[in-house]
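Remarks on the structure that follows.
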Amino acid sequence: MSSYSPFKLSAQLIAHSQDVKALTSSSPDSIFSSSRDTTIINWQRASPSLFSSEKKFSEHSHFVNSLSFIKPSAKYPSGLLVSGSSDKTINVYDLTSPGTEPIYSLLGHTDNVNTLAVDDSNPESPVIISGSWDKTVKIWKNFQCSNTLTGHSLAIWGVLSFGEGKYLSSSADKTIRLWNDDAKVIYTFIGHTDVVRGLAKVGFNQFLSCSNDCTIRLWNLTGDCVAELVGHTSFVYSVAVLPTGEFVSSAEDRSVKIWNATECKQTINHPCTSVWCVDTLENGDIVSGGSDGVVRVFSRASERFTDEDNLKAFDNEVAKFAIPAQQVGKIDKSKLSSPEALNRPGKKDQQTIMVEVDGVIEAHQWHEAERNWIKVGEVVNSAGTGGNAKAMFEGKEYDYVFDVDFGTEGQGAMLKLPYNLSDNPYAAAQQFIYRNDLNQDYLDTIANFIIRNTEGQVIGSSVGSGYADPFTGGGRYVPPVSQGSSSSVGGFGGDPFTSGGRYVPPTSTSAPSNATTVSPPPAKLNATYTFFSTGNTTAIVNKIMQLNEQISKDMETSSVGLNEKEVESLKKIGSLLQNPTAASFSNQFKEEDVDLLLKISIQWPASSRFPGIDLLRLCILHSSLPISMNDSVIFDLISEIGQFEQINATNSVPKELEACVMLTLRLVANMFSQEIGKHGMKQHRQQIFETVKGVVGSGNKNLRVAFVTLMLNYSILVSDKSDGEFAAEILKILVEFIKSENEQDSLHKGFTAIGVLVKTYGTDLKEIAKLVGVDGIVVKSEGGADGKLKAVLKTVLDLLK
């Protein structure tokens with residue numbers, strides 16, 4: 001029997017401020033993610049286990065819930081990206097274009113476009129298939145709607161193309177339909193007992209479906225259910241197929257599962273409640289998107305594994321996450337294993353046992369590949385976990401059961417909203433809407449109500465006194481009600497789970513005057529090292545060749561011109577950067593190549609150095625050689641490379657040096673991508689800080705972005721509490737920087753860095769922050785801030801309290 005090769009974490013991609021709802025890719029090195037934060041981000045691979053944010057698309061006005069990719073064609077050589085949103089539109093982007101404006105916006109759906117598929121078997125004439133909560137599927141040819149498929153009685157959740165004019169759709173009506181190009185139903189697949197959430201193609205005549213009934217089914221196009229995959233303990237949101245033929249699924253039980261036929265071979269638990277989406281890459285890697293706003297990449301290839309520290313940190317995050325008792329069933333404390341059970345090997349891979357440790361019930365999972373038990377969370381809402389008595393709803397215990405008054409004519413009694421602290425507020429709100437046949441317009445309002453009324457509560461704690469009392473008239477929740485079925489609140493239309501037109505009478509649009517107002521919990525600081533990884537290496541090499549021709553002809557500079565051997569070395573470096581891998585750089589990138597780049601960056605005339613610095617900046621992402629060789633002399637050369645002595649003497653950046661300075665700052669920021677680089681940046685921190693601080697007053701936008709990125713990376717580096725005085729210096733210069741900054745991205749990085757420093761160094765730095773006026777610049781920046789920046793500003797203010 002062949003052994004199973006497990007997946008391990010490769011990379012965590014952090015930039016979204018809300019749930020990641022959809023994923024697609026154009027290659028193993030280019031991933032697209034979309035989010036409730038209304039953005040789409042293109043992530044480009046910077047190294048085997050590192051991706052950086054390449055481009056952000058912000059043209060949708062509401063949640064971006066679906067993505068698809070159309071492969072390259074003669075007209076669109078980089079392919080097309082297609083996105084669907086709850087703003088009811090579909091956008092199509094030309095990925096060759098440097099901008100982010102869509103080339104087409106497809107209008108026609110009257111509700112959330114939450115699923116997309118394409119038929120690009122002929123990329124010159126692709127077909128787009130879209131599904132919506134308006135209960136229709138639309139077929140788009142030549143970017144015009146050619147047909148609308150009607151027949152489902154509830155919202156569409158999944159679509160798929162089988163080519164030759166055959167399309168599949170899945171719905172909240174629990175059915176799957178196979179359609180032809182004439183909008184006729186060929187077959188209706190019946191078997192799931194709840195909403196059918198997603199579809200995936202398997203070979204030429206089979207497909208997978210996943211459902212809220214916690215199962216995955218494998219079907220033939222002829223209508224036969226070939227297999228049922230059982231293992232998830234909550235809604236299954238997404239399915240995909242690996243190049244090996246294995247299946248992958250993601251679910252509300254915070255996991256991604258890998259299946260070989262009907263056998264679950266691996267469960268990858270996530271430190272978030274919902275894993276909304278999963279996709280596979282051509283190289284066999286898996287990508288997931290979660291309710292914590294993080295995109296994660298998992299790989300079987302050891303060269304793409306993240307380092308041991310990151311693997312351990314990820315395992316610790318998973319271990320700390322709370323597991324609802326409903327996911328593991330009723331627990332009899334008398335039958336729990338003792339901690340000694342963890343000293344014995346498991347009976348099979350993925351076996352899970354419950355162990356009581358100091359009064360806390362922990363879940364541990366056996367990993368056969370590592371031959372050890374991994375803690376995957378702590379069980380909450382179960383006997384023996386402490387805390388107050390739970391409220392009951394339909395025979396189950398919950399941390400809260402809110403009485404919600406919709407003022408619904410004829411009902412009389414309030415509706416019951418059950419919620420556990422370990423639940424996703426949006427999932428709980430959606431279930432509440434589904435159970436009570438309510439309008440989908442209420443989703444955001446109900447979720448925000450849950451967040452407000454559970455603020456500050458943690459697993460096992462008693463209910464505090466600061467929340468709005470749901471059991472009395474004072475402070476009970478009275479949500480706004482749409483004035484008729486055609487209204488749209490927050491970008492949504494009618495209820496996708498019912499006929500959508502049921503009568504909902506008007507009522508008060510705000511809570512009573514004596515309601516308690518509670519702010520939502522502070523946002524987390526998503527602080528991660530940031531690098532500059534993109535660059536047109538062909539253009540950079542060509543520029544060096546062009547400048548070298550001029551330098552070689554000039555009598556004053558001819559001595560530093562490149563000889564034939566150096567030109568060949570330059571071309572080799574350019575070739576390596578076209579498709580960079582750790583192996584290729586390790587085998588082919590040599591000390592003489594570094595010497596060549598340093599020669600261009602230091603010995604060439606000041607106005608001609610910038611392309612050499614740019615190549616050096618890119619090479620450092622893939623090789624530590626420029627940092628390690630010659631006793632790390634590069635740290636002493638930073639001032640000379642960027643010509644900072646001239647800048648610090650005048651406290652300004654001459655126009656002709658801006659490109660050189662900006663690229664040097666990017667080069668220094670990229671040094672944090674290597675462990676030896678982090679060590680050197682810490683060892684030389686005072687020297688580097690004194691070298692670069694003179695550029696803080698520059699008005700060049702790109703230069704300022706590079707500077708604040710460097711400061712952010714330094715704030716993360718010293719978050720080990722190693723140097724409070726240096727942290728204070730960073731804080732002060734960030735305040736100076738922010739006072740003259742108005743770009744949202746730079747402000748976000750600057751305030752994130754301040755938040756990291758204040759959170760790390762506590763009282764002492766908090767006092768300094770107040771003295772230099774951090775609270776004042778936070779308030780000043782709130783005026784024009786977007787949602788992402790506002791969240792960080794609130795966190796900084798909370799930290800200063």
Side-chain angles (χ1 to χ4, degrees), residues 22-34 40 42 55 57 59-60 64-85 88-109 113-132 136-149 156-170 177-184 186 198-205 207 221 240-241 243 277 279-282 287:
L23 296 162
T24 192
S25 63
S26 58
S27 75
D29 299 325
S30 183
I31 296 169
F32 296 87
S33 60
S34 68
I40 305 163
N42 177 210
K55 186 186 288 189
F57 304 82
E59 283 64 35
H60 283 293
V64 188
N65 294 318
S66 51
L67 291 173
S68 197
F69 174 73
I70 298 173
K71 64 188 180 185
S73 63
K75 187 174 182 180
Y76 302 110
S78 295
L80 298 171
L81 177 68
V82 188
S83 63
S85 167
K88 310 171 191 176
T89 66
I90 301 167
N91 284 340
V92 182
Y93 304 89
D94 178 6
L95 297 179
T96 309
S97 169
T100 60
E101 292 292 321
I103 57 172
Y104 297 101
S105 286
L106 312 184
L107 306 178
H109 282 296
V113 184
N114 70 317
T115 178
L116 289 167
V118 299
D119 177 3
D120 56 3
S121 53
N122 178 5
E124 305 300 331
S125 183
V127 179
I128 298 171
I129 306 96
S130 61
S132 168
T136 71
V137 176
K138 289 185 179 292
I139 310 300
W140 307 82
K141 296 180 180 179
N142 297 317
F143 308 106
Q144 300 288 328
C145 183
S146 64
N147 227 329
T148 299
L149 314 182
I156 309 299
W157 283 95
V159 292
L160 194 62
S161 171
F162 259 89
E164 300 177 349
K166 291 181 180 179
Y167 313 107
L168 280 170
S169 60
S170 65
R177 296 190 176 204
L178 178 63
W179 310 77
N180 64 20
D181 226 359
D182 297 323
K184 303 294 184 184
I186 301 172
L199 301 167
K201 189 176 180 181
V202 181
F204 296 104
N205 62 353
F207 67 92
L221 281 183
V241 181
C277 48
D279 198 13
T280 58
L281 303 180
E282 293 174 2
V287 190

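All values derive from a computational prediction rather than experimental measurement.
Between the CG atom in L116 and the OG atom in S83 there is a gap of 7.5 Å [rounded to 0.5 Å]. Atom CG of L95 and atom CG of L80 lie 7.0 Å apart (nearest 0.5 Å). In this structure, S130 OG and L106 CG are separated by 7.5 Å, a value rounded to the nearest 0.5 Å. S26 contributes atom OG, which lies 10.0 Å from atom CG of L281 (distance to the nearest 0.5 angstrom). Note that CH2 of W140 and CD1 of I128 are 8.5 Å apart. Values are rounded to the nearest 0.5 Å. Atom CG of N142 sits about 5.0 Å away from atom OG of S125, to the nearest 0.5 Å.
For the residue pair S27 and E282, no side-chain donor N or O sits within less than 3.5 Å of a side-chain acceptor on the partner. Side-chain contact of D119 with S121: a donor-acceptor pair under 3.5 Å is present, judged by distance alone.
Contact of the P102 side chain with the V92 side chain is not registered, since no non-hydrogen atoms from C-beta on lie closer than 4.5 Å. By the 4.5 Å heavy-atom criterion applied to side chains, I103 and F143 are not counted as neighbours. Two residues are said to be in side-chain contact when any heavy atoms from C-beta on lie closer than 4.5 Å; I139 and W179 fail this criterion. A heavy-atom distance below 4.5 Å is found between the side chains of L81 and F57.
Partner of I90 under the side-chain contact (heavy atoms from CB on, under 4.5 Å) criterion, chosen from K138, H60, H109: H109.
In this structure, the side chain of N180 engages the main chain of D182 through a donor-acceptor pair within 3.5 Å. Side chain of S66 to main chain of V113: a donor-acceptor pair is present (N/O by atom type, distance under 3.5 Å, no hydrogens or angles). Panel note: side chain T96, backbone S78; a donor-acceptor pair is recorded below 3.5 Å.
Residues T280 and A240 share a closest heavy-atom pair of CG2-CB, 4.0 Å. Of all heavy-atom pairs spanning A200 and L160, the tightest one is C-CD2, 3.7 Å. For the residue pair P72 and P123, the shortest heavy atom distance occurs at O-CB, 3.5 Å. Heavy-atom minimum distance, N65 versus A22: O-CB, 3.6 Å. Minimum interatomic distance between S161 and I129 (heavy atoms only, all atoms of both residues): CB-CD1, 3.6 Å. Nearest approach of K141 to Y167, heavy atoms of both residues: CE-OH, 4.2 Å.
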*asked:* One pair to check against side-chain contact (heavy atoms from CB on, under 4.5 Å): V241 and K201. What are the steps and the verdict?
replied: CA-CA 8 Å; V241 181; K201 189 176 180 181; over 6 Å; no
*asked:* Show, in sequence, the C-alpha distance, side-chain angles and deciding distance for D279 and T24, and conclude whether the side chain to side chain donor-acceptor pair (under 3.5 Å) test is met.
replied: CA-CA 7 Å; D279 198 13; T24 192; 4.5 Å; no
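Counting non-hydrogen atoms of neighbouring residues, nucleotides and ligands closer than 6.0 angstrom, the NZ atom of K55 exceeds 12 such neighbours. More than 12 heavy-atom neighbours from other residues, nucleotides or ligands sit within 6.0 angstrom of CD on E124.
F32 and F69 have parallel rings, their planes meeting at less than 30° on a 0 to 90° scale where 60° marks the start of perpendicular.
For T115, the side-chain contact (heavy atoms from CB on, under 4.5 Å) partners two or more places apart in sequence, or in a different chain, are I156, V159.
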